[in-house]
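Right, one structure below, let's go through it.
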Amino acid sequence: MPSQALPGFRDFYPDELELRAHIFRTWREVARRYGFEEYDGPPLEPLDIYTAKSGAEIVGQLYTFTDKGGREVALRPEMTPTFARMVAARANGLRKPIRWFSMPQLFRYERQQRGRLREHFQLNCDLVGEPGPLADAEVIALAIDVMRAFGLTEHEVRARVSDRRVLRSLLTAAGVSEAQLGDAYQAIDKAERSRAPELAAQLHAAGLGDAAIEGVFAVAAIRGRPALEAALADSPDGGAAAPLFATLDALDAMGLGAYIDVDLSIVRGLAYYTGTVFELFDAGRTLRAICGGGRYDGLLLALGGVDLPALGFGMGDVVLAELLKDRGLAPAPAANVDVFVAAVTPEDVPHALAVAHELRDAGIACEFALGGQPLGRQLKLADARGAGRAIVIGPDDRARGEVVVRDLAGKTQAPVRRDAVLTALASGAAVAHTRSGDG
RNA sequence: GUGGUUGUAGCUCAAUUGGUUAGAGCGCCGGACUGUGGCUCCGGAGGUUGCGGGUUCAAUUCCCGUCAGCCACCCCA
């Protein structure tokens with residue numbers, strides 16, 4: 001048994017890379033539709049840009065080492081610190097709002113499971129410089145439109161949306177103190193996965209009273225806009241949800257309302273979110289989150305020293321690829337070549353090479369048999385390669401100054417003058433492409 | 001990092017309460033088929049049964065360890 005890839009790392013065979021390329025193409029195409037520009041940064045960064053934000057305990061989940069210059073470095077586990085640095089460095093010169101996206105490969109040293117590896121690619125889209133609710137709608141809409149571009153409908157993917165400003169208002173009204181908010185968020189985040197008595201015990205240990213604990217569970221159970229509006233009716237700060245509602249209205253106006261579930265159990269694990277938070281899930285909830293993001297208005301100040309409102313999301317390729325395969329939405333295998341050039345006898349081979357290279361110069365993908373196989377075997381290979389046409393060159397054809405152009409799907413063929421091969425291919429029956437979708 | 005569970009050709013899976021040479025389909029290579037492909041038929045290559053140890057006359061099968069996958073926890077930047 002030869003060595004294999006490290007746990008959590010992937011070898012991409014051609015058919016798997018095909019899916020990855022499909023995901024990358026789609027990510028770029030949809031981001032472009034929203035006016036986002038692509039950027040990138042180094043995959044290796046100083047360790048402290050990650051510990052500064054998340055504390056030293058994060059080191060256990062990073063790939064770190066000391067480089068030959070004595071620097072503590074880490075393979076990037078996330079893009080946000082790099083993004084914050086880049087934005088901060090040129091903040092004054094960049095026209096706001098900034099719409100940037102990237103597709104970094106990220107690394108984290110953790111026990112892998114389905115949908116969670118030690119290495120993955122992640123679409124990061126961030127919008128900086130706009131505090132208003134339309135920015136939130138733009139970012140959520142972009143995430144949803146990526147799903148739609150893959151052919152995923154509102155029956156297959158759900159966007160669960162909440163807002164930390166709303167959570168804070170409701171929890172405060174229920175008697176949760178400012179200092180206890182973090183514990184309350186954590187309990188809400190786990191509400192669907194953990195048992196209520198355990199969570200209640202943890203909250204109790206954090207100093208919450210019975211009424212406040214009950215309030216936390218009540219908030220975590222809010223689903224849908226009417227339920228949220230009802231809860232807010234009893235709240236002293238009913239206006240806390242105004243931005244969220246404006247964002248939801250905007251998504252409705254875009255025609256994407258069918259994808260949205262107001263779901264107050266969504267808080268996101270990160271401490272730095274300040275407003276809208278959202279996650280995308282497959283409708284059956286059999287997989288991990290496809291995408292997560294939200295508004296982080298204080299983070300650029302903390303990381304980069306520029307005080308700009310911002311929000312964004314990250315969408316990994318692993319869960320997405322699982323979902324596309326489950327739903328039969330992975331692209332059909334592409335044809336390797338458009339045309340296969342077959343030589344009947346060894347004497348025909350130089351002529352086949354000349355024709356093949358003419359086609360290649362003209363931008364047509366073509367292949368010929370390297371091993372002098374019989375014609376039948378060559379055509380078999382042409383078929384396996386998905387070629388739409390074959391060009392057959394034999395002594396008889398050459399004697400007439402011709403080649404045979406065969407339509408492999410239609411099983412028809414016709415002689416073509418040797419010097420008219422290119423024009424015949426261009427004007428004849430369309431070269432078959434098996435690719436569908438993004439071709 | 002903790003606990004549970006599963007590991008048999010490239011892939012999907014078989015192998016009678018432990019029994020002799022570990023099989024099949026798909027895929028791959030070749031032949032039937034040296035100027036016409038997808039089908040069919042025939043043949044071939046490909047396995048230290050994840051790895052190591054133990055029990056036994058005998059281990060793919062039972063036990064232990066280890067590695068890897070999966071599930072839950074942790075974490076989810």
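In what follows, chains carry the letters A, B, and so on, assigned in the order in which the sequence lines appear, proteins first and then strands, with residues in each chain numbered from 1. None of these values were measured; they are calculated from a predicted model. Hydrogens, waters and symmetry mates play no part in the numbers below; they use all other heavy atoms, side chains included.
Between the side chains of T345(A) and D348(A), at least one donor N or O lies within less than 3.5 Å of an accepting N or O.
Here C76(B) presents its P atom at 16 Å from OH of Y50(A), a figure rounded to the nearest Å. The CD-C1' distance, from Q61(A) to C75(B), rounds to 5 Å in whole Å. Separating the NZ atom of K411(A) from the C1' atom of G38(B) is a distance of 7 Å, rounded to the nearest angstrom. For the pair L62(A) CG and C75(B) P, the interatomic distance rounds to 16 Å; values are reported in whole Å. Atom-to-atom, CZ of R111(A) to C1' of A72(B) comes out at 11 Å; the value is rounded to the nearest Å.
Side-chain N or O atoms of D407(A) include one that pairs as donor or acceptor with a backbone N or O of G410(A) at under 3.5 Å. Side chain of R116(A) to main chain of R288(A): no donor-acceptor pair is present (N/O by atom type, distance under 3.5 Å, no hydrogens or angles).
Across every strand in view, C33(B) sits unpaired, with no contact that passes the Watson-Crick or G-U test at under 3.5 angstrom. Under the Watson-Crick and G-U wobble criteria, each requiring two contacts below 3.5 Å, nucleotide C62(B) is paired to G54(B). A 3.5 Å limit on both hydrogen-bonding distances identifies G1(B) as the Watson-Crick or G-U partner of C73(B).
G8(A) comes within 4.0 angstrom of the backbone, heavy atoms only, and of no base. If you check every strand for non-hydrogen atoms under 4.0 Å, R108(A) touches a base. Across all strands, G394(A) comes closer than 4.0 Å to base atoms (heavy-atom distances).
Under 3.5 Å, the side chain of R116(A) and the base of C75(B) form at least one donor-acceptor pair of N or O atoms. At a cut-off of 3.5 angstrom, the base of G37(B) holds at least one donor-acceptor pair with the side chain of R406(A). The base of U36(B) lies outside donor-acceptor range of the side chain of Q378(A), with no N or O pair under 3.5 Å.
In this structure, R385(A) does not reach the G37(B) phosphate: none of its side-chain N or O atoms is under 4.0 Å from OP1 or OP2. OP1 or OP2 of C74(B) sits under 4.0 Å from a side-chain N or O of K190(A).
If you look at Y34(A) and F101(A), their ring centroids are not closer than 6.0 Å.
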